[in-house]
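Down below is the structure, laid out as structure tokens.
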Amino acid sequence: MHGQKNSAQRRSSNYRLTLVSAESNTPDENEELDIPELTGSGLQAEKSRRLGQLDDMRAKGVNPYPYRFDRTHTLAEIRSSWGHLEAGTETDNEVAIAGRIMLKREQGKLIFGTVRDRSSDIQLFVSKAVIGDEGFADVASLDLGDWVGVYGNVMTTRKGELSIKVSRLELLSKAVRPLPNKWKGLTDTDTRFRQRYTDLIVNEDARRAFEVRHAVISSFRRSLAAKDFIEVETPVLHVEAGGAHARPFVTHHNSLDMQLYLRIALELHLKRLIVGGMERVYEIGRVFRNEGISTRHNPEFTMMELYQAFGDYSEVMAICEELIVQAARDAIGTTIVGIADPAGVVHTVDLAEPWRRATMMELIAEKTGVETHPSQPVDTLRALADKLGMRYDKRWGSGKMIEEIFEFTAESSLIRPTFVTGHPVEISPLARADRNDPFITERFELFVGARELANGYSELNDPVEQRLRFEEEQAAKDAGDAERGTVDEDYLRALEFGLPPTGGLGIGMDRVAMLLSGVSSIKEVILFPTLRPEAF
RNA sequence: GCGCCUUUAGCUCAGUCGGUAGAGCAUCGGACUUUUAAUCCGUUGGUCGAGGGUUCGAGCCCCUCAGGGCGCACCA
């Protein structure tokens, strides 16, 4: 790294040159570049002013971007150790803390600042008499958004505000671009999602939603580890995109010169592992569906799927309930949540109360007074759909009709957690037929707040029947339904080696995070949601 | 893909009947040794999303396009 200083200087002056020539209206190569004209306070002028501060620091031999800072405490640790101090206390406890300047109040020969780190925030008490004229001027020149390391003593002000009496302050990184409004923050959704970093800096709610999301995921991992599940990773690139009904993203591998699909589900690889004898496996992973974007859908989202040998759907239903209730306790410290219905009315629900279980047909009967069953002729169900004013596709069989009638009549009213069961065989090609009714499967979907959160079943493990179901899928796909599946020969071979009785469960992690953080858009729980590219 | 709404300073927002651009925060200058979104005085900052049209005159009316939001469709 010889010559580092020279190259740094060159970079610095190049940057200034670029800035002026690219962004000034009348670039003039002969202009004195080191002292830019600081007119106005538009964005460019503001950036120039701050970049000028960096040059001043370098001229004094100070690196404005130092390599490290060793803090003694996080701000939460400061608060827990000294939060009880009475007003007007000065201690001789010396600490070193680091964070971002969020607020600054100058008051003559005193400056109060608010520094925030990941854990908390704290007030800086900067006295000219303590820090000296030069240090005071340095603090005065700080901008909101700058990162600083601070040495000082823990104290409280006369009004009792826990503070650091600053003896020395070191700039750790300069913010060249100004922060959004310190009081109103940043509300423009476009900017919030595109510039998530800015959103996280200024919006407490945004930070909280992602803390909840993280807590949910780590809670799931703890719960599953306690149940002897093994976390695995399976391929994202699939030769065949199976395990769900959805349009896949298509990509291409150059060396193999073949088309590949991004996975739309985790299911088929995880069940291969049950064939292999791993007994209890789960994966938390990204899946991709080439479909519309809405407040409930992002093209890439996170699923947790688990498979448990020797269990059936009732067992994984219990696990589903347990995982989500425990996640609520871990992430938000309560099982009581507000759930908005489609009209926006918020219902208070205790997730710890047992969740309702009802079949699709029961729910349809509740809403329409009509008894339905997938054994009924499709014309009977079409007549009901006509009566309800529901549109349908002539290619749908009785099973698909029942599901659609359920969605049309009952889904929007499922606010409290409800396990919906009794899915017809036709729409469940990987689920095992009900032990008492060959027309339906041992399957459930969990609905909360009219949104589907989870899906599980007793896994179909008969390779002969699975082949027939796959062939029906393939036939539907060939007939023009792009979301239907294909015959996965390797999966069938795996089943031929013997899949034990198995219960499987898939949970939409984003939607659980939405539920527990109380937000209504999936974009609020995905750090970088899919958007059209920004025009620069 | 369709419908409705929306886009004004770095951020948050006003902008009346079509008459030539406003506020708060931030910035910059000044005052202030216990502030809490500090306060007070002063200052600077604009391709009104882009393009076209109507008009003597357009942020405002019309058309096209682009971004975003919501709803519908799609989404087991």
Please report the distance separating the [atom1] of [N] from the corresponding atom of [M], rounded so that it comes out in whole Å.
N: B:G15; M: B:C32; atom1: P; result: 40 Å
N: B:C40; M: B:U8; atom1: P; result: 28 Å
N: B:A26; M: B:C62; atom1: C1'; result: 38 Å
N: B:C4; M: B:U64; atom1: P; result: 11 Å
N: B:U7; M: B:C17; atom1: C1'; result: 24 Å
N: B:C63; M: B:C5; atom1: P; result: 12 Å
N: B:G53; M: B:U6; atom1: P; result: 25 Å
N: B:U20; M: B:C11; atom1: C1'; result: 26 Å

(request) Starting from the 5' end of RNA chain B, give me the residue, A:L179 or A:L531, whose nearest nucleotide shows up first. (result)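 Closer to the 5' end of RNA chain B: A:L179.
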
Polar pairs (N or O, both sides) under 3.5 Å between protein and nucleotides 13-15 of chain B?
{"from": "B:C13", "atom 1": "OP1", "to": "A:T187", "atom 2": "OG1", "distance (Å)": "3.4"}

(request) For residues A:V115 and A:R100, determine if any side-chain heavy atom of one lies less than 4.5 Å from a side-chain heavy atom of the other. (result)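 A side-chain contact under 4.5 Å is absent here.
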
(message) Taking the side chain as everything from C-beta on, heavy atoms only, tell me whether A:I405 gets closer than 4.5 Å to A:M360.
(response)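 Counting from C-beta outward, A:I405 and A:M360 never come under 4.5 Å.
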
Within the 4.0 Å heavy-atom criterion, would you say [X] contacts the bases, only the backbone, or no part of the nucleic acid?
X: A:G185; result: sugar-phosphate
X: A:R443; result: base
X: A:R158; result: base
X: A:N181; result: base
X: A:G399; result: nothing
X: A:L186; result: sugar-phosphate

(message) Test: side-chain hydrogen bond (donor to acceptor under 3.5 Å, both in side chains). Region: residues 196-206 of chain A. Which pairs qualify, not counting sequence neighbours?
(response)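 The answer is A:R192-A:D199, A:Q195-A:T198, A:R196-A:D199, A:D199-A:N203, A:E204-A:R207.
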
(message) Looking at A:D481 and A:R395, is any side-chain nitrogen of the basic one under 4.0 Å from a carboxylate oxygen of the acidic one?
(response)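 Looking at A:R395 and A:D481, the cut-off is not met.
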
(message) How long is the straight-line distance from CG of A:L446 back to OG1 of A:T421, given to the nearest 0.5 Å?
(response)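 That separation rounds to 12.0 Å.
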
Would you kindly give the [atom1]-to-[atom2] distance between [X] and [N], to the nearest whole Å?
X: A:L110; N: B:U33; atom1: CG; atom2: C1'; result: 4 Å
X: A:Q44; N: B:A9; atom1: CD; atom2: C1'; result: 13 Å
X: A:E90; N: B:U33; atom1: CD; atom2: C1'; result: 12 Å
X: A:R391; N: B:C2; atom1: CZ; atom2: P; result: 16 Å

(request) List in chain and number order the residues that pass ring pair (Phe, Tyr, Trp, His ring centres under 6.0 Å) with A:W355, two or more places apart in sequence or in another chain; answer none if no residue qualifies. (result)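 Partners of A:W355 by the ring pair (Phe, Tyr, Trp, His ring centres under 6.0 Å) criterion, ordered by chain and then number, come out as A:F419.
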
(message) Using the ring pair (Phe, Tyr, Trp, His ring centres under 6.0 Å) criterion, which residues pair with A:F439? Sequence neighbours excluded.
(response)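 Checked A:F439 against ring pair (Phe, Tyr, Trp, His ring centres under 6.0 Å); matches are A:H373.
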
(message) Can you tell me if A:R532 touches the phosphate of B:G68, counting only side-chain N or O atoms and a distance under 4.0 Å to OP1 or OP2?
(response)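 For B:G68, OP1/OP2 do have a side-chain N/O of A:R532 under 4.0 Å.
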
(request) Please determine if a side-chain N or O atom of A:K109 lies less than 4.0 Å away from the OP1 or OP2 oxygen of B:A31. (result)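 No, because none of the side-chain N or O atoms of A:K109 sits under 4.0 Å from OP1 or OP2 of B:A31.
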
Identify all side-chain donor-acceptor contacts of residues 177-187 of chain A below 3.5 Å with residues at least two apart in sequence or on another chain.
{"from": "A:N181", "atom 1": "OD1", "to": "A:W183", "atom 2": "N", "distance (Å)": "2.8"}
{"from": "A:N181", "atom 1": "OD1", "to": "A:K184", "atom 2": "N", "distance (Å)": "2.8"}

Please tabulate, for the side chains in residues 105-113 of chain A, all donor-acceptor contacts under 3.5 angstrom to protein atoms that are two or more places apart in sequence or on a different chain.
{"from": "A:R105", "atom 1": "NH2", "to": "A:Q123", "atom 2": "OE1", "distance (Å)": "2.7"}

(request) From the options A:T418, A:L505, A:N455, A:T359, select the one residue that forms a side-chain contact (heavy atoms from CB on, under 4.5 Å) with A:F444. (result)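 It is A:L505; the other options fail the test.
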
(message) What I want to check is whether the side chains of A:T486 and A:Q474 have a donor and an acceptor closer together than 3.5 Å.
(response)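 Absent: no donor and acceptor within the cut-off.
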
(message) Between A:R79 and A:S120, do the side chains contain a donor N or O and an acceptor N or O under 3.5 Å apart?
(response)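 A donor-acceptor contact under 3.5 Å links the two side chains.
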
Residue pairs, two or more places apart or on separate chains, that pass salt bridge (Lys or Arg N to Asp or Glu O under 4.0 Å) and touch [range]:
range: residues 289-305 of chain A; value: A:R286-A:E300
range: residues 443-458 of chain A; value: A:R443-A:E445
range: residues 400-414 of chain A; value: A:K400-A:E403, A:K400-A:E404

(request) Assess whether atom CD of A:E366 is packed by more than 12 heavy atoms of other residues, nucleotides or ligands within 6.0 Å. (result)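 Check passes, neighbour count above 12.
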
(request) Mind listing the residues from residues 289-296 of chain A sitting with a heavy atom below 4.0 Å of RNA chain B? Number order is fine. (result)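 By residue number: A:R289, A:E291, A:G292, A:T295.
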
(request) Specify the glycosidic conformation (syn or anti) of B:C17, with syn defined as within 90° of 0. (result)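 Because its glycosidic torsion lies within 90° of 0, B:C17 adopts the syn conformation.
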
(message) For RNA chain B, please output the secondary structure as dot-bracket, reading 5' to 3'. Pairs are Watson-Crick or G-U wobble, both atom distances under 3.5 Å; mark crossing pairs with [ ], other-strand partners with |, unpaired with a dot.
(response) (((((((..((((.....[..))))..((((.......))))......(((((..]....))))))))))))....

Report, one pair per line, the protein and nucleotides 36-41 of chain B atoms (nitrogen or oxygen only) whose separation is under 3.5 Å.
{"from": "B:U36", "atom 1": "O4'", "to": "A:R105", "atom 2": "NE", "distance (Å)": "3.4"}
{"from": "B:U36", "atom 1": "N3", "to": "A:E161", "atom 2": "OE1", "distance (Å)": "3.3"}
{"from": "B:A37", "atom 1": "O3'", "to": "A:K182", "atom 2": "NZ", "distance (Å)": "3.4"}
{"from": "B:A37", "atom 1": "N6", "to": "A:W183", "atom 2": "NE1", "distance (Å)": "3.1"}
{"from": "B:A37", "atom 1": "N1", "to": "A:W183", "atom 2": "NE1", "distance (Å)": "3.2"}
{"from": "B:A38", "atom 1": "OP1", "to": "A:K182", "atom 2": "NZ", "distance (Å)": "2.4"}
{"from": "B:A38", "atom 1": "OP2", "to": "A:R105", "atom 2": "NH1", "distance (Å)": "3.1"}
{"from": "B:A38", "atom 1": "N7", "to": "A:E106", "atom 2": "O", "distance (Å)": "3.1"}
{"from": "B:A38", "atom 1": "N6", "to": "A:E106", "atom 2": "O", "distance (Å)": "3.0"}

